[in-house]
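Everything below concerns the one structure shown next.
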Amino acid sequence: MGIISSVGCIIHCMFMPVLLSSAASFTAHEEYRWLDFLFLAIAAVAVWLSARKAHSLLVRIILIVAWAVFAGSIIWEESIPFASILMYLGSVLLIVGHVLNLRHVHHHAGHKH
């Protein structure tokens, strides 16, 4: 769920500006601001579910910090000039955290006695 929502968010962040600039009916970004908060909520649920089950403290930290960076960039998008960079960074870190968590889970699942 976390990887899918993070990838979905990156796709949204990359292609929404193209859609907004190319389609006359999509000229007002504020109409689609709810998508940002939808991905933020999905990411929050995924981070919470993954972090509470993660056995690795590093994975927990990466997931929580990534979500905080992502959330901050969404909330203060209008105030921070480099917010779009932080959005991408947060999304990439969310993907990294979820992949590390999956690898950790699969690695330890194979070593059960």
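From L58, atom CG reaches atom CG of L63 across 9.5 Å, with rounding to the nearest 0.5 Å. Remark: I62 CD1 to L57 CG distance equals 10.0 Å, nearest 0.5 Å. Taking OG of S73 as the reference point, atom CD1 of I85 lies at 11.0 Å (rounded to 0.5 Å). Taken to the nearest 0.5 Å, the CD1 atom of I61 stands 13.0 Å off from the CG atom of L93. Annotation: the span from I74 atom CD1 to I80 atom CD1 amounts to 10.5 Å, rounded to 0.5 Å. Atom OH in Y88 sits 10.5 Å away from atom CZ in F70 (nearest 0.5 Å).
Scanning both residues, V69 and L86, for their nearest heavy atoms gives CG1-O, 3.5 Å. Considering all non-hydrogen atoms of both residues, N101 and A54 come closest at OD1-CB, 3.5 Å.
Side chains of W67 and L40 form a contact here, defined as non-hydrogen atoms less than 4.5 Å apart. Side-chain contact between M87 and E77 is present, with heavy atoms from C-beta onward closer than 4.5 Å.
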